[in-house]
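Following: one structure in structure tokens, then a few remarks.
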Amino acid sequence: MKPLFFILFIGLMSSNANAQTPSKVNFDDYEKLTKEVNLYRKNRLIDWKTFNLYSKESNTVILDTRSKEMYDRKHVKGAIHLNFSDFTQDNLARLIPDPNTRILIYCNNNFGDDPINFTTKSYVPKPIFKLPTATNRSSKQSIGQLPVQQIQFEPAKELTLALNIPTFINLYGYGYTNVYELSEFISVFSPKLVFEGTDVRQ
């Protein structure tokens, strides 16, 4: 009886050792949140004039979620910082205790003419070359023999991967729904902008 019990015990322990605990990752829940935020965000996109006006009002913060290195080098004057990768309920609560605070967000894709401090986040696929169908060319023709005029060039569409999007979604998910996003693309040399940081000339 004892050997049988021992075998059963070992088998149970081995089974438990091989069991896996699912990660705390739920794509379906995040997709549902994204769809909800997509509709909500449409009325929360503001131009610089409104952005700047709001920033001067009470219970309002400008939040920069880029890396600390980029924030330290150059950021919109008055902005506070929390790296997006450091977003947690506790970290956000320490930085912004009141969830009703109006939060103004921006990212690299809002500013131009400064590829070092505000590099546009995007992916540009390689151009697509379309060849004529077999019915439009001789089956004996190789690609190298085709006239240039018959080869169609289709420019690839740029895919923007702006940090504003996940920032907005996550703030909303953490209960900070009073978010407004800068909608303009502005040159860093525009006189209406004021920056701070180690790369900003005093």
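Everything numeric here is computed off the predicted structure, so don't read it as measured data.
Other residues, nucleotides and ligands place more than 12 heavy atoms under 6.0 Å from the CZ atom of Phe185. When the shell of 6.0 Å around CG of Leu39 is examined, it contains more than 12 heavy atoms from other residues, nucleotides or ligands. More than 12 heavy atoms of other residues, nucleotides or ligands sit less than 6.0 Å from atom NZ of Lys192.
Inspection of the Asn170 and Tyr30 side chains reveals an N or O donor paired with an N or O acceptor under 3.5 Å. Side-chain atoms of Thr50 and Asp47 include a donor-acceptor pair closer than 3.5 Å. Defined by atom type and a distance below 3.5 Å, a donor-acceptor pair is missing between the side-chain atoms of Ser122 and Thr160. Checking Asn164 against Tyr106 by side-chain atom types alone, no donor-acceptor pair falls below 3.5 Å. The closest side-chain donor-acceptor pair between Asn109 and Thr120, if any, does not fall under 3.5 angstrom.
For the pair Cys107 and Ala162, the tightest heavy-atom approach, listed with the atom from each and the gap, is SG-CB, 3.9 Å.
Once rounded to the nearest 0.5 Å, the distance linking CZ of Phe51 with OG of Ser183 reads 10.0 Å. Taken from CZ in Phe27 to NZ in Lys32, the straight-line distance is 15.0 Å, to the nearest 0.5 Å. In this structure, Ser190 OG and Glu184 CD are separated by 8.5 Å, a value rounded to the nearest 0.5 Å. With rounding to the nearest 0.5 Å, the separation of OH in Tyr176 from CG in Leu63 is 10.0 Å. Residue Leu193 holds its CG atom at 8.0 Å from OG of Ser187, rounded to the nearest 0.5 Å.
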Below 3.5 Å, can you tabulate the donor-acceptor pairs from side chains in residues 84-92 to any protein atom, sequence neighbours excluded?
{"residue": "Ser85", "atom": "OG", "partner": "Asn83", "partner atom": "OD1", "Å": "3.0"}
{"residue": "Thr88", "atom": "OG1", "partner": "Asn91", "partner atom": "N", "Å": "3.0"}
{"residue": "Thr88", "atom": "OG1", "partner": "Asn91", "partner atom": "ND2", "Å": "3.3"}
{"residue": "Asn91", "atom": "OD1", "partner": "Arg94", "partner atom": "NH2", "Å": "2.4"}
{"residue": "Asn91", "atom": "ND2", "partner": "Asp86", "partner atom": "O", "Å": "2.8"}

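Clustering ILVMFWY residues whenever any of their side-chain heavy atoms sit less than 4.5 angstrom apart, transitively, puts Ile169 in the very cluster that holds Leu95. By the criterion of side-chain heavy atoms lying less than 4.5 angstrom apart, applied directly or through intervening Ile, Leu, Val, Met, Phe, Trp or Tyr residues, Ile46 is not grouped with Val179; the two fall into different hydrophobic clusters. Under the 4.5 Å side-chain contact rule for hydrophobic residues, Val194 and Phe189 do not share a cluster. A single hydrophobic cluster is not seen to contain both Leu53 and Tyr180; linkage of ILVMFWY side chains at heavy-atom distances under 4.5 Å, directly or through other members, places them apart. Ile62 and Val200 fall within the same hydrophobic cluster, where Ile, Leu, Val, Met, Phe, Trp and Tyr residues are linked whenever their side-chain heavy atoms come under 4.5 Å apart, directly or through other members.
Contact of the Arg41 side chain with the Ile165 side chain is registered, since non-hydrogen atoms from C-beta on lie closer than 4.5 Å.
Applying the side chain to side chain contact (heavy atoms under 4.5 Å, CB included) test between Thr60 and each of Leu104, Ile103, Thr101 identifies Leu104 as the sole match.
Between the His81 side chain and the Arg66 main chain, a donor and an acceptor come within less than 3.5 Å of each other. Judged purely by atom type and a 3.5 angstrom limit, Tyr71 has no side-chain atom pairing as donor or acceptor with the backbone of Leu82. Between the Asn110 side chain and the Leu182 main chain, a donor and an acceptor come within less than 3.5 Å of each other. Glu196 places no side-chain N or O within donor-acceptor distance of the main-chain N or O of His75, the cut-off being under 3.5 Å. Without hydrogens or angle criteria, Asp199 side chain to Arg73 main chain gives no donor-acceptor distance under 3.5 Å.
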| After noting the C-alpha distance and the side-chain angles of Arg44 and Asn178, does the key distance pass the side chain to side chain contact (heavy atoms under 4.5 Å, CB included) rule? | CA-CA 9 Å; Arg44 295 272 169 164; Asn178 195 11; 2.9 Å; yes
| request: Output, in order, the C-alpha distance, side-chain angles, deciding distance and verdict of side chain to side chain contact (heavy atoms under 4.5 Å, CB included) for Val61 and Ile96. | output: CA-CA 9 Å; Val61 298; Ile96 310 173; 4.2 Å; yes
| field | Worked check of side chain to side chain contact (heavy atoms under 4.5 Å, CB included) between Leu163 and Asn108 | value | CA-CA 8 Å; Leu163 183 60; Asn108 283 6; over 6 Å; no
| task | Determine, step by step, whether Leu171 and Ile105 satisfy the side chain to side chain contact (heavy atoms under 4.5 Å, CB included) criterion, reporting the C-alpha distance in whole Å, the side-chain angles of both residues, the deciding distance to 0.1 Å, and the verdict. | result | CA-CA 10 Å; Leu171 284 172; Ile105 63 172; 4.0 Å; yes
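Under the side chain to side chain donor-acceptor pair (under 3.5 Å) criterion, Asp114 pairs with Lys74, Asn117, not counting sequence neighbours.
Ring to ring, Tyr172 and Tyr40 are close: their centroids are under 6.0 angstrom apart.
Using cut-offs of 30° and 60° on the angle between ring planes, the pair Phe195 and Phe118 is tilted.
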